[in-house]
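Okay, structure first, notes after.
By convention here, the first residue in the shown sequence is residue 1. Read the numbers this way: they start at 1 and go in the same order the structure lists the ligands and their atoms.
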Amino acid sequence: MKNNTPILTDSHKRDHAYLRISLIERCNLRCTYCMPEAGVQLSPRSHLMTYEEIYSIAKTFVEHGVTKIRLTGGEPLIRKDIPIILEKLASLPVALSITSNAVIIDRFIDTLKLHGVNSINVSLDSLDREKFKEITRRDEFEKVYRNILLLVSEGFKVKVNAVLIKGFNENEIIDFIHLTKNLPVCIRFIEFMPFDGNKWDMQKMVSYKEVMDIVNASFSEKEIERLEDAPNDTSKNYKIKGYKGSFAIISSVTNPFCDSCNRLRLTANGQLKNCLFSASESDLLTTLRAGKSIEPIIQKAVAAKFKVRGGMDTLEKLQEPKLHSQNRSMITIGG
Ligand code: SAM
Ligand code: SF4
């Protein structure tokens with residue numbers, strides 16, 4: 001079926017061909033911008049989707065036009081049945097990819113290859129071991145860095161996600177870009193976004209413009225090449241001429257890309273979120289378990305999608321703490 005069948009088309013005429021599935025609410029890191037200090041209330045195990053349920057829900061989306069599925073979490077690789085999940089989803093006609101913190105990804109190289117996962121996003125917010133420890137509350141820098149090099153040498157297409165926080169890591173922007181001189185990865189600088197419990201404050205965010213000011217102060221206009229962004233891409237892509245890799249900026253706060261949004265999100269406990277910032281959710285899992293069709297719920301949820309950032313269409317609304325706490329913590333959405 002084509003991706004413009006009605007149930008995945010919203011009232012703003014956006015077709016949704018991309019489904020992000022969170023497999024787990026737990027993680028082996030504790031990034032301060034993602035996981036609240038006090039942790040999160042975990043869903044009881046019986047409320048989490050089994051691999052059969054993940055497959056069944058994903059299949060419905062694929063039948064209605066989804067062509068791309070990204071697995072996320074929490075940390076998707078700490079879910080015990082990840083090999084079966086990959087195997088089942090790889091049997092669907094979709095491009096399958098994963099977002100991971102890469103702490104244990106070296107154990108999954110063959111499994112990922114076997115199931116055709118060749119695009120991997122890895123989170124790394126600092127190139128300094130102590131700062132990595134501070135932001136993730138775990139001492140795993142070396143493993144993550146080594147695993148990024150391993151993924152590249154094994155032929156995976158790697159994007160490195162770095163959330164920028166003012167006074168913490170914007171002084172590493174140029175170091176990250178220098179890394180792309182010999183390493184064919186794309187470093188993606190992400191504007192820090194507000195979610196429940198992450199103590200977000202506009203002043204802590206490093207904007208797209210500020211990143212480019214820093215880049216422009218270190219490289220000449222001639223050296224900086226603006227690359228063409230892929231359709232529905234959330235990032236603005238650049239490279240330094242002659243470098244093997246590239247860099248990009250994801251500006252969800254200062255320059256949202258909602259007009260071309262084609263994403264839907266399924267949480268580990270089977271709730272459909274029509275937007276990263278949506279306060280409301282639609283329960284697919286209960287309906288699936290009752291043996292009923294989930295299609296009417298999907299259709300209603302997609303149709304109700306707000307035009308911009310879950311209804312937070314101004315920077316003023318985005319700065320309203322009450323509105324963040326109506327959403328989940330990022331660790332239980334999946335990015
Ligand atoms: N554990 C995996 C990882 O870290 O890549 C997957 C889940 S994580 C929630 C997915 C992405 O969300 C990561 O790239 C992370 O940096 C990003 N993220 C988490 N909290 C964020 C925030 N407050 N603002 C911007 N990006 C955030
Ligand atoms: Fe875990 Fe990823 Fe969140 Fe960090 S960003 S706490 S690695 S889920």
message: Is it the case that ligand 1 has an N or O less than 3.5 angstrom from some N or O of C27?
response: no

field: Close-contact set for ligand 1 against F192 heavy atoms, below 4.0 Å
entry: 23 (N), 24 (N)

message: Can you check which of M205, E75, R26 brings a heavy atom nearest to atom 2 (C) of ligand 1?
response: E75

query: What pairs of residues pass the salt bridge (charged side-chain N to carboxylate O under 4.0 Å, His left out) test when at least one of them lies in residues 80-94, not counting sequence neighbours?
result: R79-D81

task: Examine ligand 1 and decide if any of its atoms is less than 4.0 Å from a heavy atom belonging to P194.
output: no

task: Ignoring angles and geometry beyond distance, decide whether T72 reaches within less than 3.5 Å of ligand 1 through its nitrogen or oxygen atoms.
output: no

Any donor-acceptor pair under 3.5 Å from N101 side chain to S123 backbone: no

- prompt: Does N198 reach ligand 1 with a nitrogen or oxygen that is under 3.5 Å from one of the ligand's nitrogen or oxygen atoms?
  reply: yes

message: If you take the nearest heavy atom of each of S123, G73, G74, C34, which one is closest to atom 1 (N) of ligand 1?
response: G74

- prompt: So what's near atom 3 (Fe) of ligand 2, protein N, O or S atoms under 2.8 Å?
  reply: C34 SG

task: Enumerate the atoms of ligand 1 whose separation from the nearest heavy atom of G334 is less than 4.0 angstrom.
output: 9 (C), 10 (C)

- request: Examine ligand 1 and decide if any of its atoms is less than 4.0 Å from a heavy atom belonging to I331.
  value: no

task: Give the ring-plane orientation class for F176 versus F189, where under 30° counts as parallel, over 60° as perpendicular and anything between as tilted.
output: perpendicular

message: Do I173 and F247 have side chains that approach each other closer than 4.5 Å (heavy atoms only, starting at C-beta)?
response: no

query: Is K131 positioned over the aromatic face of F168, cation under 6.0 angstrom from the ring centre and no more than 45 degrees off axis?
result: yes

message: Can you tell whether the side chains of D213 and K209 come within less than 4.0 Å, N to carboxylate O?
response: yes

message: Looking only at the side chains, is there a donor atom on one of T9 and D15 sitting less than 3.5 Å from an acceptor on the other?
response: yes

message: Is it the case that over 12 heavy atoms from other parts of the model lie below 6.0 angstrom from the CZ atom of R26?
response: no

field: Proximity to ligand 1 by part of S100, non-hydrogen separation under 4.0 Å
entry: backbone

- prompt: Any side-chain donor-acceptor pair under 3.5 Å between D128 and S126?
  reply: no

- prompt: Hey, is NZ on K317 packed in by over 12 heavy atoms from elsewhere, all under 6.0 Å?
  reply: yes

task: Could you tell me whether N161 approaches ligand 1 through its side chain, its backbone, both or neither, with non-hydrogen atoms closer than 4.0 Å?
output: side chain

task: Taking only Lys NZ, Arg NE, NH1 and NH2, and the carboxylate oxygens of Asp or Glu, determine whether R129 and D139 approach each other closer than 4.0 Å.
output: yes

